[in-house]
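What follows is one structure encoded as structure tokens, with my remarks underneath.
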There are 2 protein chains.
Amino acid sequence: MNDNTTEEESSASELPSGRLSDFAYSSIKEQLTRGVYKPGHKLPIRSVAEMLKVGATPAREAINRLVFEGALVMVGPKTVIVPHLDLAALYEATQMRLALEGLATERGTLCATNDVVDKLLALQEKITLSLDEKRYSDALHDNKEFHFTIYRLCEMPHLLSTIEALWLRVGAAFHDLYPEFAEAKYGVHNHLAAIEALVDKDPSAVRAAMENDIRDGYRRLKKAAQERLKRE
Amino acid sequence: MNDNTTEEESSASELPSGRLSDFAYSSIKEQLTRGVYKPGHKLPIRSVAEMLKVGATPAREAINRLVFEGALVMVGPKTVIVPHLDLAALYEATQMRLALEGLATERGTLCATNDVVDKLLALQEKITLSLDEKRYSDALHDNKEFHFTIYRLCEMPHLLSTIEALWLRVGAAFHDLYPEFAEAKYGVHNHLAAIEALVDKDPSAVRAAMENDIRDGYRRLKKAAQERLKRE
DNA sequence: TCATGATTTTTGTGATAACAAAATTATGAA
DNA sequence: TTCATAATTTTGTTATCACAAAAATCATGA
């Protein structure tokens, strides 16, 4: 388990290879981060099973795992849904992100090589380009890759998978307002500051930059969520 | 899911009520924290199922969940075992504990009432008494309760369950050397400092005390583990 | 004694069916 | 309409079985 970390995403309907439970898990997970389902959408075992063309057992296992991770929520003994916007949950996730991603950043900084810096620079360029061309989905994807390229440096596998679960949790509940969220040149300044500090091998400076990035994202997401909630 | 938080432990073989998966989960979990199994002990689905007198499905689900939480480890495609002593894992868990429990402490401090302070004082007295009478198991239990009484104050449910998973992970791998670990008046000074700072409503002071407690525990556990590893 | 290959046993996975409980829909009265 | 209740459908849970793959055991030869 915990093969979360280095999976390169697969664009379309991948053929089930390996354990069907894992296939079901990553399928639902991808649909969640792509915003296929609206908040409140029900995910009954049999429907998921039929959709993915697997039996009930793998579907059940995948759903349970996602509930456990917080990417889906149980609102009744027999009803699992995609989570609604929830500012308290967003706040909690953000606080945990600051603590955990801050830790990973600081610990990883000293292990950074030139390769890493190059990769980060390349990623940042891709992000900027994607934003200019309004390909928000790509921008979000590379933004995630930027963060995790740093977090992977510290070689703490469980820390990494815990952070991934947090991203998934936020992504599941807030994906549908990512477009408006991404509008404002998301995180460019913070990313560049992080890279510079990384070159200087200054752990607390890198951490500060990343924390700023997280907080900026939180503020923007919160604002978008509040406006959305007001409108409804 | 995540009914982790406020379960009062049940001393003996509880009767399966509610979902059998949950029953299996808490049974194994309790056995793990009680140190019933030596590190390296295999936990095959069918054996667990037979032991708990449930079908294979609930046993499978419980085991998978514990693997996911890190309380059990997979060492092969078909073999999960109780984890061995692993100093790197202990270090990683400690770093995460410092980040997360520090967060919970700081956030909870301002919400503390007099009731809480009284409860903490009572717990600390129980701990000291248990240690004097060499009832280490009781001391460990109340020590955990002490910590979580503080962590619960911030009302961040997912943060809490993540912390619980960390305790379980450390407990599963290191339980068998808790006696030697607990010998030295574990944490008394730090706990008292935390209580005082809590009365003063000084978040960073409470956090510092709790972090000290975590670090002291880490050092002692590490030392005991190193000696154990050398002896073998 | 130890390594290596073959054989047997064990084990995880996934499909399926039965059951009880929950969720939904229909019904009826105020 | 609105609310409570009854009927019906949906749904999660669990046990069981078959199968393939892994693990353990045994046999063989150096």
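Proteins get letters first, then strands, A, B, ... in listed order; numbering begins at 1 in each.
Between A:Leu52 and A:Ile28 the shortest side-chain heavy-atom distance falls below 4.5 Å. Side-chain contact between B:Arg97 and B:Trp167 is present, with at least one heavy-atom pair separated by less than 4.5 Å.
On the nucleic acid side, DNA chain D has its first and last nucleotide under 4.0 Å of a heavy atom of chain A at D:dT11 to D:dT14, going 5' to 3'.
Whole-Å rounding puts the B:Glu61 CD to C:dG14 P distance at 13 Å. Atom-to-atom, CZ of B:Arg60 to P of C:dG14 comes out at 6 Å; the value is rounded to the nearest Å.
Between A:Ser21 and A:Val75, the one whose closest nucleotide on DNA chain C sits nearer the 5' end is A:Ser21. Each of A:Thr79 and A:Gly18 has a nearest nucleotide on DNA chain C; the 5'-most of these lies closest to A:Gly18.
In the set C:dG14, C:dA20, C:dT13, the nucleotide with an atom closest to the side chain of A:Lys78 is C:dA20.
Using a 4.0 Å cut-off on heavy atoms, the residues of residues 37-55 of chain B that approach DNA chain D are B:Lys42, B:Arg46, B:Val54, B:Gly55, listed by number.
Salt bridge status for A:Arg65 with A:Glu69: present, with a side-chain N to carboxylate O gap under 4.0 Å. Electrostatic pairing of A:Arg215 and A:Glu211 counts as a salt bridge here, judged by a charged N lying under 4.0 Å from a carboxylate O.
A:Ile163 and A:Ala104 make their closest contact through CD1-CB, 4.0 Å (heavy atoms, listed as atom of the first residue, atom of the second, distance). The minimum heavy-atom distance between B:Leu72 and B:Pro83, with the atom names listed, is CA-CD, 4.1 Å.
Classification of the B:His41-B:Tyr37 ring pair by plane angle, with boundaries at 30° and 60°, yields parallel.
With a 6.0 Å cutoff to the six-membered ring centre and a 45° limit on the axis angle, B:Lys144 counts as a cation-pi contact of B:Phe148.
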